[in-house]
Number of protein chains: 2
Amino acid sequence: MERSTRQRQAIRAVLEEIDRPLSPQEVLSAAQHKVPGLGIATVYRTLKGMVEEGMAVAVELPGNPPRYERSGKKHHHHFHCIACGKAFELEGCPGDFAFMAPRGFQTQGHEIVLYGRCAECCQRNPGATTP
Amino acid sequence: MERSTRQRQAIRAVLEEIDRPLSPQEVLSAAQHKVPGLGIATVYRTLKGMVEEGMAVAVELPGNPPRYERSGKKHHHHFHCIACGKAFELEGCPGDFAFMAPRGFQTQGHEIVLYGRCAECCQRNPGATTP
DNA sequence: GACAAAATGATAATGGATTATCATTATTAA
DNA sequence: TTAATAATGATAATCCATTATCATTTTGTC
């Protein structure tokens with residue numbers, strides 16, 4: 001039977017509260033503020049369970065192990081900071097890209113990833129930013 | 001000293017001839033037609049060397065180990081077939097996506113990946129295709 | 001052709017992420 | 001409360017891609 005433990009509550013809360021895809025390690029760090037002794041194995045187990053239940057989804061960014069965000073959000077994409085490594089959620093999507101596919105190909109979906117520096121990293125080491 | 005071996009010639013030829021990003025295993029299979037005894041270690045070694053020389057670049061698709069294509073192509077993106085797993089090159093790019101980044105973020109690049117079925121896989125199991 | 005050195009191929013070793021194990025702890029229903 | 005058992009945490013084990021090792025082969029030079 002599914003039991004409601006402090007650990008699971010903490011992990012679920014973290015994914016509710018932090019609106020960007022989190023790696024298992026990031027989930028661990030954040031959830032340990034709520035449940036100090038929390039172990040990484042429990043994080044993996046809980047994330048896996050949440051994905052199976054449809055409560056969370058894995059977000060795959062090129063060259064990285066999966067991160068996790070809560071499911072149910074509307075179609076969106078991500079920003080990957082090359083300085084701190086964090087992933088962020090972007091709002092909206094510029095459209096359908098099926099027209100890019102060669103003749104005879106059947107497009108079912110797409111992924112867009114922006115790379116650059118997040119606001120925090122731009123501050124830390126200033127330069128041109130999105131106005 | 002850099003020596004020109006049959007193995008390297010074969011691996012380089014494969015990347016010239018096949019215009020889509022290839023995994024080390026795909027490179028191995030293709031190059032073994034030219035050099036039967038070719039080993040996977042040589043493929044990894046040669047690909048690594050080609051990237052260092054700037055002759056090839058790694059292509060990272062979400063959730064996959066790097067594939068390799070020859071460098072020098074103009075800005076483009078990729079299509080990933082969910083049926084056969086092959087990656088394909090797409091022509092052109094619909095534009096700049098920096099406007100999608102939140103205020104304060106500095107965008108330096110972007111990646112687009114289309115998912116669906118390649119022409120060959122559509123044929124094998126027909127359905128709607130790009131007209 | 002002979003030699004020195006780079007390259008190869010087979011495979012063991014490595015590294016990082018994820019999963020399994022298992023003794024201990026915590027939750028839930030009675 | 002208690003009993004039954006699911007969940008946890010520490011860590012060993014696993015998995016897979018990639019790299020290192022090393023005896024053998026091949027290349028380029030004389």
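Numbered from 1 within each chain, the chains take letters A, B, ... in sequence-line order.
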Go through the structure and list residues passing side chain to side chain donor-acceptor pair (under 3.5 Å) with B/Asn64, not counting sequence neighbours.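 Result, side chain to side chain donor-acceptor pair (under 3.5 Å) vs B/Asn64: none returned.
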Who are the side chain to side chain donor-acceptor pair (under 3.5 Å) partners of A/Glu60, not counting sequence neighbours? none
Which nucleotides of nucleotides 12-25 of chain D have their base under 4.0 Å from a protein heavy atom (B), which only their sugar-phosphate (S), and which neither (-), written as one string 5' to 3'? -----SSBBB----
Supply the members, apart from A/Val57, of the Ile/Leu/Val/Met/Phe/Trp/Tyr cluster built from side-chain contacts under 4.5 Å; use none for a lone residue. none
Test question: given the 4.5 Å side-chain rule for I, L, V, M, F, W and Y, name all other residues clustered with A/Val113, or answer none. A/Val59, A/Leu61, A/Ile82, A/Tyr115
I'd like a table of atom pairs between the protein and nucleotides 23-27 of chain C - only N or O on both sides, under 3.5 Å - with the distance next to each one.
from, atom 1, to, atom 2, distance (Å)
C/dT27, O2, A/Arg3, NH1, 2.8
C/dT27, O2, A/Arg3, NH2, 3.4

Tell me the salt bridge (charged side-chain N to carboxylate O under 4.0 Å, His left out) pairs involving residues 71-80 of chain A, sequence neighbours left out? A/Asp19-A/Lys73, A/Lys73-A/Glu89
Please report, rounded to the nearest Å, how far the [atom2] atom of [N] is from the [atom1] atom of [X].
X       : N      : atom1 : atom2 : answer
B/Arg8  : C/dA6  : CZ    : P     : 11 Å
B/Gln32 : C/dT8  : CD    : P     : 14 Å
A/Leu47 : C/dA17 : CG    : P     : 15 Å
B/Glu2  : D/dT29 : CD    : C1'   : 17 Å
A/Glu52 : C/dT19 : CD    : P     : 10 Å

Could you tell me which residues satisfy side-chain contact (heavy atoms from CB on, under 4.5 Å) with A/Pro94, sequence neighbours excluded, listed by chain and number?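 Here the qualifying residues are A/Phe97, A/Ile112, B/Phe97, B/Phe99, B/Met100.
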Is B/Gln9 atom CD crowded by more than 12 heavy atoms from other residues, nucleotides or ligands, each under 6.0 Å away?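 Above 12, so yes.
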Terminal axes of the helix from C/dG1-D/dC30 to C/dA30-D/dT1 (five pairs each): angle between them, nearest 10 degrees: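 Roughly 40°, once rounded to the nearest ten degrees.
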For residues 31-38 of chain A, dump all side-chain donor-acceptor pairs below 3.5 Å to protein atoms at least two apart in sequence or in another chain.
from, atom 1, to, atom 2, distance (Å)
A/Gln32, NE2, A/Leu38, O, 2.9
A/Lys34, NZ, A/Glu17, OE1, 3.1
A/Lys34, NZ, A/Glu17, OE2, 3.2

Return all side-chain donor-acceptor pairs below 3.5 angstrom for residues 21-29 of chain A, not counting sequence neighbours, or 'none' if the list is empty.
from, atom 1, to, atom 2, distance (Å)
A/Ser23, OG, A/Glu26, N, 3.1
A/Glu26, OE1, A/Ser23, N, 2.8
A/Glu26, OE2, A/Arg20, NH2, 3.2
A/Ser29, OG, A/Gln25, O, 3.1

With a cut-off of 3.5 Å and sequence neighbours excluded, list every side-chain donor-acceptor pair involving residues 42-52 of chain B.
from, atom 1, to, atom 2, distance (Å)
B/Thr42, OG1, B/Arg45, NH2, 3.3
B/Thr46, OG1, B/Thr42, O, 2.7

Side chain of A/His77, backbone of A/Glu91: donor and acceptor closer than 3.5 Å? no
